[in-house]
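Each remark here refers to the structure printed beneath this line.
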Amino acid sequence: MQDRDLSEYSPSLSSTSRHLSCDHQLCEWGSNCKNPKDPCPYILNYDDLENTTSAGFLVEDKLHLASVGDRTARKMLQASVVLGCGRKQGGSFFDGAAPDGVMGLGPGDISVPSLLAKAGLIQNCFSLCFDENDSGRILFGDRGHASQQSTPFLPIQGTYVAYFVGVESYCVGNSCLKRSGFKALVDSGSSFTYLPSEVYNELVSEFDKQVNAKRISFQEGLWDYCYNASSQELHNIPAIQLKFPRNQNFVVHNPTYSIPHHQGFTMFCLSLQPTDGSYGIIGQNFMIGYRMVFDIENLKLGWSNSSCQDTSDSADVHLAPPPDNKSPNPLPTNEQQSIPRTPSVAPAVAGRTSSESSAASLLIPFLHLMISLLFVLVKCMFISTL
C-alpha cells in the first residue's frame, strides 16, 4: 500500500494492487458481471444509517505487518487483504465520515483477520485497545490473558455474522436492575453505545437519581442526560456495570462525555442513546481502558484492563511462517479454508506507516469510525460524487 496519511487510495499508484475478477471465489456479485474477468463489484447499504451507501470494486493489496514482543527479533511481512475501493458514496460517507476508510474486522470470510488466519499467518483472533487520548492499538492473532474475563458470542439465526453477546443484567452504582437482560453487538466501529429503548429508559432514570449534579438542557448535543458540574463533582458519577453469564463483570470506566467550558461552566453527558432495535450496541466509549479480545476461533469475547501503551504483559507476539516456507499466498484458495492447528501460529500487529508512529501500533480515530464492514473499505482517487 502507498504510504500516505489521510488521503484517498489510488490502485494505479500502488505497485502491489490488483483488481479481484468476477470469477474469484470471494466475489459475491460476480453473477452481475458481463465478463468473468471484469473487476468484481460491490454494493453496501447501511440499514442503521439513513441513505448511507458505498459502491465500487474489490481490490487486493498488501497490509504491512510487524511482530511484537520482548523475547524475539521483530519480523516484517506483507500480507494480502481485500479492499472495497469506493467509487460512489452516499449518506454519511458522502458527508465526510471515515475520511481515511473503514477497516473490516468482522467474522466474515473477507475480513482482515479471517484472511490472515486462512493464510496461516495468525490464529483467528485479534485484540483492540482504546485509551483516553483518542488513540489505540490493534494486535492480530492476540488471544489475551489466561486470567481475562470472557463471554461467548451468540449466533444470529444459527450463524455468527457479527460479535453479539448476551448481557444478563446491569447495575448503576449499587443498584442492580432486575429482568434487564438484552443482546448487544460489540462494535468497535460505533463511537458511542446504544441500548434498547426499554433498557435505556430504566438505566438513565436510575443514573439521574444517583448523579450528584444538576441536569441541564443541551439541544445541540447527541444525548438527553447532560449535567452542569464542577470538576470535584465529576468524581461522584455512579458507575455502570454490565453483567454477563458465569459472573463475568464489565465495569464501564467512563460512561460520560465531558464538554469543558460550555457557556462558562463544565458540562458532562451520559453518552448513551436509545435504539428502537431489539439489541444494543456496545461502542468504543464503553471499551476505553480495556484490551478487548475477539476470539473468532473459540467464539468468545475477552477483556482485561489495559493502558494500551505496551505488550510487555503478554507473551511474544510474532508472525508465523507461511505454510511450507512459501511466500504468503495472495488470497486464500479453496484448499486454504482451514487454519493450521499448531501452537506456532502466533499473532502479528498491524501498523500504519507515518513519521510519528511505528509499524507496531495503529492510531484509531475515536469519533469518526462507522459500523465495521466485512472488508477494508477505502475511498479511491477516482470516486464519483454522483
Side-chain angles (χ1 to χ4, degrees), residues 46-49 104-108 111 125-130 144 148-172 175-207 222-225 238-257 270-296 298-304 366 369-374:
Y46 288 81
D47 293 334
D48 295 337
L49 300 168
L105 298 172
S111 72
C125 51
F126 67 95
S127 67
L128 290 170
C129 189
F130 299 104
Q148 69 187 0
Q149 297 195 75
S150 65
T151 192
F153 291 130
L154 300 178
I156 301 299
Q157 296 181 347
T159 60
Y160 294 89
V161 296
Y163 302 121
F164 281 93
V165 294
V167 180
E168 286 193 339
S169 61
Y170 52 87
C171 303
V172 179
S175 177
C176 292
L177 308 175
K178 298 180 180 180
R179 296 188 302 275
S180 56
F182 61 95
K183 291 182 180 179
L185 171 65
V186 184
D187 184 15
S188 62
S190 179
S191 295
F192 301 108
T193 296
Y194 300 78
L195 298 177
S197 295
E198 184 177 352
V199 175
Y200 170 85
N201 291 333
E202 189 175 29
L203 189 151
V204 296
S205 176
E206 185 63 32
F207 182 92
L222 298 171
W223 308 290
D224 294 329
Y225 285 78
I240 293 179
Q241 181 178 181
L242 304 180
K243 291 184 172 292
F244 292 94
R246 298 186 294 110
N247 295 319
Q248 303 293 285
N249 298 322
F250 187 99
V251 179
V252 181
H253 289 150
N254 187 3
T256 64
Y257 186 84
L270 179 61
S271 52
L272 287 172
Q273 291 180 268
T275 174
D276 293 331
S278 59
Y279 62 87
I281 298 175
I282 298 175
Q284 286 182 36
N285 64 322
F286 271 35
M287 301 182 200
I288 291 176
Y290 280 110
R291 179 178 176 180
M292 305 291 298
V293 176
F294 297 78
D295 192 338
I296 305 170
N298 294 304
L299 297 175
K300 65 180 181 180
L301 175 74
W303 62 91
S304 59
F366 178 54
L369 289 179
M370 307 297 290
I371 303 299
S372 296
L373 306 185
L374 295 182

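We count residues from 1, following the sequence as given. As a basis for the values below, the full set of heavy atoms in this structure was taken, side chains included, without hydrogen atoms, waters or symmetry mates. For clarity, every value in this text was computed on a predicted model and none was experimentally measured.
- Contact annotation: the side chain of Tyr170 approaches that of Glu202 to within less than 4.5 Å [non-hydrogen atoms, C-beta and beyond].
- In this structure, OG1 on Thr151 lies 8.0 Å from CD on Glu168, to the nearest 0.5 angstrom.
- Residues passing the side chain to side chain contact (heavy atoms under 4.5 Å, CB included) test with Asn201, sequence neighbours excluded: none.
- With rounding to the nearest 0.5 Å, the separation of CZ in Phe153 from NZ in Lys300 is 10.0 Å.
- Annotation: side chain of Trp303 is not in contact with side chain of Val251 (no heavy-atom distance under 4.5 Å).
- When side chains are defined from C-beta on, Met287 counts as touching Val186, because their heavy atoms get closer than 4.5 Å.
- The six-membered or imidazole ring of Phe164 lies near that of Tyr279, with a centre-to-centre distance under 6.0 Å.
- Between Gly277 and Pro196 the shortest heavy-atom distance is O-CB, 4.0 Å.
- Here the closest heavy-atom approach between residue Leu222 and residue Gln273 is recorded as O-NE2, 3.5 Å.
- Cys171 is linked by a disulfide (SG to SG under 2.5 Å) to Cys176, counting only residues two or more places apart in sequence or in another chain.
- Side-chain contact between Asp224 and Val204 is absent, with no heavy atoms from C-beta onward closer than 4.5 Å.
- The shortest distance between side-chain heavy atoms of Phe207 and Tyr225 does not fall below 4.5 Å.
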Next on the checklist: What verdict does the side-chain contact (heavy atoms from CB on, under 4.5 Å) test give for Tyr163 and Ser188, after you've listed the backbone C-alpha separation in whole Å, the side-chain angles of each residue and the deciding distance to 0.1 Å?
Outcome noted: CA-CA 10 Å; Tyr163 302 121; Ser188 62; over 6 Å; no
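- Here the closest heavy-atom approach between residue Thr193 and residue Ile281 is recorded as CG2-O, 3.1 Å.
- Closest approach of Tyr160 to Pro155, counting heavy atoms only: CE2-N, 3.5 Å.
- Note that CZ of Phe294 and CG of Leu105 are 8.0 Å apart. Values are rounded to the nearest 0.5 Å.
- One distance of note links CD1 of Ile282 with OH of Tyr194; it measures 14.0 Å at 0.5 Å rounding.
- Using a 4.5 Å cut-off on side-chain heavy atoms (C-beta onward), Tyr200 and Thr275 make no contact.
- Residues Pro152 and Leu299 are not in side-chain contact: their nearest non-hydrogen atoms beyond the backbone lie 4.5 Å or more apart.
- With values rounded to the nearest 0.5 angstrom, Tyr290 atom OH is found 12.0 Å from Gln148 atom CD.
- Annotation: side-chain hydrogen bond (donor to acceptor under 3.5 Å, both in side chains) contacts of Ser271 (sequence neighbours excluded): Asn285.
- The nearest pair of heavy atoms linking Asn249 to Lys243 is OD1-NZ, 3.3 Å.
- Rounded to the nearest 0.5 Å, atoms OG (Ser150) and CZ (Phe250) are 13.0 Å apart.
- Pairing each heavy atom of Ser111 with each of Gly104, the nearest pair is CB-O, 3.7 Å.
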